Amino acid sequence: MVSPRIYDSLFAEHLASHRQMAFVSGPRQVGKTTACRFHADAYVNWDNIDDRELILAGPGTLSNVFGLERLSETTPVILFDELHKFRRWKQFLKGFFDTHAERVRVMVTGSSRMDIYRRGGDSLMGRYFPYRMHPFSVAETITQELPDAKCILRPPRPVDEAEFRALWHHGGYPEPFLKRNTRFSRRWQSLRLEQLVREDVRDLTQVQQLDQLEIMVRLLVARSAQQLIYGNLARQVRVSVDTIRRWVAALCDLHLGFVVRPWFNNVSRSLRKEPKWYLRDWASIDDVGQRAETFVACHLLKAVDGWNDMGLGDFDLGYLRDKEKREVDFLVVRDGRPWFLIEVKYADESLGPSLKRYQHQIGAPFAFQVSIDADYIDKDCFAAPGPPLIVPARTLLSQLL
């Protein structure tokens, strides 16, 4: 079963408007290859031995095989999958693109963030646009149309209850979300975690102590939506704090999870504070409060990454916490200015005091306490700036990406 994605619209727009290559990154099994193959006339996979020989033969051989030197009514699209495993992939792409940029469109996918590999060697600057794929979200189950550049927030629309419950219980990764079978989801989650730790870490990083890394991964899986105290993790895993920092960065690059840092007007100060850690797959979290906060965190990250990738502004995701440990879960920053605050609750509870305090302090026009279990309300959460509101997750998340 294949379900349409918002990325189908995004990639179609890119291919119609830009000569630059599309670099598509995202977590393992998020649907990158499926989405990109829909737009590709030719598919070349580094993991396929025959395709690997074509790549190693050089751009000229590929040009002959795919007829790039012949007149064509349309511009063909070539998809290179898992190409980052080729040690000289950047040099190969630069040569291929510089020679054939006017005759072909190129898409490149990889299971890990392509950012990992943009170091040293020949620069590809100006030759590509990056796109970060995320799992299904509330808004994506409702519409696959791209947001209007003049108003990036969508009007609220009701989400089908079966879709919302499937997202909550099975997560947004295509296979478990579409299959909606509890036994399958558990096996899929377990296998994906094992493959990420044993295969991706082994193949794509310099980490040698895999047994100790697995211990840290188990600790992190249980600590989604909590602050990362590097010293505590270092003592539990029996490695140095610097090692823990490198391992956490590697696991973020490999999409096990991501960190959200505290926001300050002075950005350098935020780097001295502990970030909060979130898993990419909220469905694997047992604690309902942690799952609720992680669920919203993943939706916000998808929106922030998507708006940035589409060139709709400069967006960032942070959180607020002072020395008295008064905290607000999330702050979305737009073009350097606080835009909206979010506190997450599973049930419909009374407003907490921190939202109002921080909204007044930083001047954010919007502040919301998001309730996961509340029923949809047909009202635009962003209709007018004002004091904090309690809003249903079904409403607010339908207005994002």
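Quantities reported herein were computed from a predicted structural model and do not represent experimental measurements.
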Worked check of side-chain contact (heavy atoms from CB on, under 4.5 Å) between Leu396 and Val138: CA-CA 9 Å; Leu396 186 135; Val138 169; over 6 Å; no

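- Ring geometry for Phe11 against His39 counts as perpendicular: the plane angle is over 60°, on a 0 to 90° scale with 30° as the lower cut.
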Determine whether Tyr376 and Glu161 satisfy the following criterion, side-chain contact (heavy atoms from CB on, under 4.5 Å), listing intermediate values before the conclusion. CA-CA 10 Å; Tyr376 171 82; Glu161 187 60 22; over 6 Å; no

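- The pair Asp281-Arg186 does not meet the salt-bridge criterion, since no charged nitrogen lies less than 4.0 angstrom from a carboxylate oxygen.
- For the pairing with Tyr173, the side chain to side chain donor-acceptor pair (under 3.5 Å) check across Arg192, Arg28, Gln189 returns one residue only, Arg192.
- Geometrically, Arg280 does not engage Tyr278 in a cation-pi contact defined by less than 6.0 Å to the ring centre and at most 45° from the axis.
- Aromatic ring centres of Phe38 and Tyr7 lie farther apart than the 6.0 Å criterion allows.
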Decide yes or no on side chain to side chain donor-acceptor pair (under 3.5 Å) for Ser190 and Arg187, but give the supporting numbers first. CA-CA 5 Å; Ser190 177; Arg187 296 174 67 185; over 6 Å; no

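- Ring geometry for Phe366 against Phe368 counts as parallel: the plane angle stays under 30°, on a 0 to 90° scale with 60° as the upper cut.
- When Val344, Leu317, Val260, Leu401 are each tested for a side chain to side chain contact (heavy atoms under 4.5 Å, CB included) with Leu300, only one passes: Leu317.
- Taking 4.5 Å as the limit, some side-chain heavy atom of Ile78 sits within range of a side-chain heavy atom of Val44.
- Using modelled atom types, one finds no donor on one side chain facing an acceptor on the other under 3.5 Å when comparing Arg357 with Ser354.
- Relative ring orientation between Trp282 and His299 is described as tilted, the plane-to-plane angle lying within the 30° to 60° band.
- Checked against the 6.0 Å centroid threshold, Phe80 and Phe96 count as a close aromatic pair.
- There is a side-chain donor-acceptor pair under 3.5 Å between Trp188 and Gln29.
- The side-chain contact (heavy atoms from CB on, under 4.5 Å) check on Gln227 picks up Ile229, Glu274, Lys276, Tyr319, Arg321, with sequence neighbours excluded.
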Between His18 and His14, does the side-chain contact (heavy atoms from CB on, under 4.5 Å) criterion hold? Intermediate values first, please. CA-CA 6 Å; His18 306 298; His14 171 92; 3.6 Å; yes

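- Side chains of Asp81 and Tyr43: a donor on one and an acceptor on the other come within 3.5 Å.
- In this structure, Phe23 and Trp89 have tilted ring planes: the angle between them lies in the 30° to 60° band.
- Using a 30° and 60° split on the angle between ring planes, Phe315 and Trp307 fall in the tilted class, from 30° to 60°.
- Ring geometry for Phe92 against Phe86 counts as perpendicular: the plane angle is over 60°, on a 0 to 90° scale with 30° as the lower cut.
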